[in-house]
Structure formats: structure tokens, C-alpha cells
Amino acid sequence: GDLALSASFNTDPSWSQGLARLDSRLSDSGVTQAFGNPYLSLGQQATGAGMHWQFAPAWSASLQVQLAEAEQRFADRSDNARQQGMQSEWRYEGEHGLSASLQLGVLTEQQRLLGTQGEQWLGGADSHTWFQGLNLSLALNEHWQLFGRYNTGLSKVSGGRWLESANLRSDSFTLGLLGEPHAQWQLGALVYQPLRVSGGEARLQLPTALNADNSVAWSSTALELSAQGRHMEYELFFRYELPRLPMSFKGSLLHVRDYQNQPGNNDSMLLLNTGLRY
């Protein structure tokens with residue numbers, strides 16, 4: 001009764017642990033990836049296996065491994081690049097509505113670096129990212145819940161084509177409020193920063209001149225890397241379930257600033273949908 005094994009096929013590995021597991025109501029909220037582990041959301045649907053054990057009334061732990069195809073960024077190309085991930089989680093469920101979990105893991109990407117792809121500059125090199133995350137859910141009262149997460153990672157790559165080596169620091173966070181003022185109503189708001197390179201350095205071999213025999217002269221160049229903008233998403237959402245029919249309505253108002261960390265690339269969206277259970 002204290003140990004469970006699991007296997008999954010064609011699923012999103014970012015939902016196997018983390019914030020969405022602390023509060024199951026979050027799975028019906030929002031329209032973004034604010035509740036998942038950002039490092040496990042870089043690939044496509046994954047196949048994995050896991051183990052979960054309860055070693056105290058309020059304490060549990062889990063271990064998850066998964067294998068996925070790397071996302072293809074170019075429609076006219078195809079490759080067999082894959083990514084493998086392994087993460088562990090220690091979870092605490094205390095009294096008075098307090099839940100918290102700590103994640104540690106590693107992600108290995110073939111011919112990718114934090115999801116980016118480039119045949120000339122990266123070649124066939126693999127990257128390794130060591131990440132950690134803290135997730136928190138706290139009940140303010142019987143109707144309102146405060147939730148948040150923070151993930152950070154260190155990525156390293158060596159042996160690329162133009163990119164000789166790189167060390168990148170990245171992070172992502174979510175902070176929000178979820179409430180159920182009535183049995184049929186769910187209301188919430190959240191602030192979400194997707195995965196962002198916060199700093200690091202890279203060394204590249206770049207063509208800089210022509211030699212006397214018309215051959216290309218290459219030189220090693222060191223670059224300091226950081227995102228210019230800060231991609232932020234602000235969302236208000238609601239969900240309503242009809243009391244006598246298996247039908248629900250959901251709406252989200254989303255505002256995005258500095259999309260893909262490009263300053264001034266802003267937009268807004270209103271999404272309304274309905275669902276019928278059968």
C-alpha cells in the first residue's frame with residue numbers, strides 16, 4: 001500500500017510531478033503551460049515509467065524517467081533526435097491546506113539546447129541540463145488557494161560545430177490565486193514567466209576573414225548571453241459548471257508581454273469554450 005509503479009505512453013511528462021499534482025483543480029484552469037515543469041515541456045509526447053512511495057503520513061517521494069522525440073523546428077527537415085529526462089520529487093502534505101514539493105532532475109537533448117535547433121552552429125552535439133524546482137500550494141481559507149512554483153537550471157554543451165561550448169543559466173516561475181466561491185464557480189488569476197535564459201557564456205568558432213589562398217579564416221569568440229526582454233503572461237480565468245447538466249463553460253483573458261523575450265512584442269487574447277461530459 002506504500003509503493004506504486006506506473007507507465008505512460010504519449011503523455012506530457014511535465015505533468016507527472018510538480019504544481020499540477022499538488023492541487024488537482026489546476027488541471028482545469030488556465031490555457032498556458034504555467035503549471036508544468038518547463039524543462040520537461042521542451043519535447044513532444046513522451047513514453048516513461050515511474051515509482052512513487054509513501055514513507056510517512058505527510059511525506060512521499062517519486063522517481064520518473066521518460067524518453068521523447070525532440071521537437072522539430074524546421075518543417076522541411078527531419079531527424080531522429082531524442083531527449084531523455086529523469087527527475088525525482090519529495091512531497092509534503094501538511095495540515096491546514098499546506099502542500100509543497102521539491103524537484104531535482106537532469107535533461108539530455110540530442111542536437112538541441114533548451115529546445116533550440118541549428119545544424120551549423122550546434123551540429124550533432126548533445127546538451128545536458130541540471131534543473132531543480134520548488135512548488136507550493138497554500139489554502140488561505142476554505143474557498144481560496146495560493147499557488148506558486150520556481151524552476152531554475154544550468155545547461156552545458158560542448159563539441160558543437162560553430163558552438164564549441166556553452167554554459168547557460170535559465171529560470172521560470174508561476175504565481176497565482178485560485179478560488180471556488182460557489183460549488184459551480186472557479187475563479188483565478190496568475191502571473192507566468194516561461195523558460196528564459198537569465199545569463200551565461202558561450203564560445204564559438206566563427207568565420208572572420210579570407211586567407212591569401214581564398215580559404216576561410218576562423219577565430220574563437222566568447223559571448224555573454226542573456227535575454228533582452230522578459231516574456232511574461234498575465235491571465236484571468238473562470239470556470240462554471242451547470243448544476244443539473246454535465247456541461248461546463250470556461251473563459252480566459254490572457255495578456256502577453258515581450259513574447260519569446262523580444263521587447264515590445266505584446267499581444268492579448270480572449271478565449272471562451274464549453275465542454276460536455278458524456
Side-chain angles (χ1 to χ4, degrees), residues 13-14 17 33 36-48 63-89 102-134 150-173 193-211 215-231 260-262:
S14 68
Q17 298 175 346
Q33 294 181 319
N37 187 313
Y39 297 98
L40 303 180
S41 302
L42 296 174
Q44 300 182 3
Q45 304 301 314
T47 298
L63 179 68
Q64 184 83 13
V65 295
Q66 61 272 326
L67 173 66
E69 292 185 4
E71 185 174 357
Q72 180 59 249
R73 300 289 182 176
F74 304 99
D76 58 341
R77 302 180 187 177
S78 62
D79 57 34
N80 296 318
R82 296 182 175 274
Q83 66 179 42
Q84 302 89 32
M86 179 176 68
Q87 75 272 5
S88 61
E89 182 180 59
L102 176 66
Q103 288 180 298
L104 298 173
V106 59
L107 173 68
T108 300
E109 301 172 88
Q110 295 179 349
Q111 305 171 31
R112 304 289 194 277
L113 176 59
L114 290 179
T116 59
Q117 179 183 2
E119 182 177 348
Q120 294 300 324
W121 65 276
L122 192 57
D126 297 344
S127 65
H128 303 277
T129 300
W130 290 264
F131 60 85
Q132 52 274 332
L134 177 63
Y150 178 73
N151 296 86
T152 180
L154 175 63
S155 302
K156 294 188 176 184
V157 60
S158 60
R161 190 164 293 173
W162 289 7
L163 181 64
E164 292 182 315
S165 63
N167 295 282
L168 303 180
R169 300 182 303 275
S170 56
D171 63 0
S172 174
F173 67 85
Q193 180 204 286
L195 193 60
R196 176 180 182 268
V197 174
S198 57
E201 58 182 14
R203 182 164 294 277
L204 298 91
Q205 281 283 350
L206 299 178
T208 56
L210 286 176
N211 298 319
S215 62
V216 177
W218 296 76
S219 63
S220 181
T221 303
L223 298 177
E224 294 289 335
L225 302 178
S226 62
Q228 293 183 345
R230 183 183 291 273
H231 182 162
Q260 296 287 0
N261 296 312
Q262 301 171 6

Peer 1: Please name the pair of heavy atoms, one in Ser198 and one in Ser226, separated by the smallest distance, quoted to 0.1 Å.
Peer 2: O-CB, 4.0 Å
Peer 1: Report yes if some heavy atom in the side chain of Trp130 is under 4.5 Å from a heavy atom in the side chain of Tyr39; otherwise report no.
Peer 2: no
Peer 1: Below 4.5 Å, heavy atoms only, C-beta onward: do Leu113 and Ser155 meet side chain to side chain?
Peer 2: yes
Peer 1: If you round to the nearest 0.5 Å, how far is CG of Leu168 from NZ of Lys156?
Peer 2: 11.0 Å
Peer 1: Under the side-chain hydrogen bond (donor to acceptor under 3.5 Å, both in side chains) criterion, do Glu164 and Gln205 qualify, and how do the steps go?
Peer 2: CA-CA 7 Å; Glu164 292 182 315; Gln205 281 283 350; 3.0 Å; yes
Peer 1: Is a side-chain N or O of His128 found less than 3.5 angstrom from the main chain of Thr108, in a donor-acceptor match?
Peer 2: no
Peer 1: Do the side chains of Phe173 and Asp171 get nearer than 4.5 Å, heavy atoms only?
Peer 2: no
Peer 1: Once rounded to the nearest 0.5 Å, what's the spacing between atom CG of Leu67 and atom CD of Gln83?
Peer 2: 8.5 Å
Peer 1: Nearest 0.5 Å please: distance from the CD atom of Gln33 over to the CG atom of Leu40.
Peer 2: 11.0 Å
Peer 1: Nearest 0.5 Å, what's the CH2-CG distance between Trp218 and Leu204?
Peer 2: 10.5 Å
Peer 1: If we ignore hydrogens and angles and just use 3.5 Å, is the side chain of Ser172 paired with the main-chain N or O of Asn151 as donor and acceptor?
Peer 2: no
Peer 1: Given 3.5 Å as the limit, does a donor-acceptor pair link the side chain of Gln110 with the main chain of Arg82, or not?
Peer 2: yes
Peer 1: Minimum heavy-atom separation for Gln132 and Leu104, please, with both atom names.
Peer 2: CB-CD2, 3.5 Å
Peer 1: Quick one: does Arg196's side chain get under 4.5 Å of Arg230's, heavy atoms only?
Peer 2: yes
Peer 1: Taking the side chain as everything from C-beta on, heavy atoms only, tell me whether Asn261 gets closer than 4.5 Å to Gln228.
Peer 2: no
Peer 1: Between Leu63 and Met86, is there a side-chain heavy-atom distance shorter than 4.5 Å?
Peer 2: yes
Peer 1: How close do Glu224 and Gly200 get, heavy atom to heavy atom, and via which atoms?
Peer 2: OE1-O, 3.3 Å
Peer 1: Out of curiosity, Glu89 CD to Gln103 CD, how far, rounded to the nearest 0.5 Å?
Peer 2: 4.5 Å
Peer 1: Val106 versus Thr129: any side-chain heavy-atom pair under 4.5 Å?
Peer 2: no
Peer 1: Checking Gln64 side chain against Gln87 main chain: does a donor-acceptor pair fall under 3.5 Å?
Peer 2: no
Peer 1: Assess whether side chain to side chain contact (heavy atoms under 4.5 Å, CB included) is satisfied between Leu210 and Val216, documenting all intermediate values.
Peer 2: CA-CA 5 Å; Leu210 286 176; Val216 177; 4.2 Å; yes
Peer 1: Return yes if some donor-acceptor pair links the side-chain N/O of Gln111 with the main-chain N/O of Leu122 below 3.5 Å, else return no.
Peer 2: no
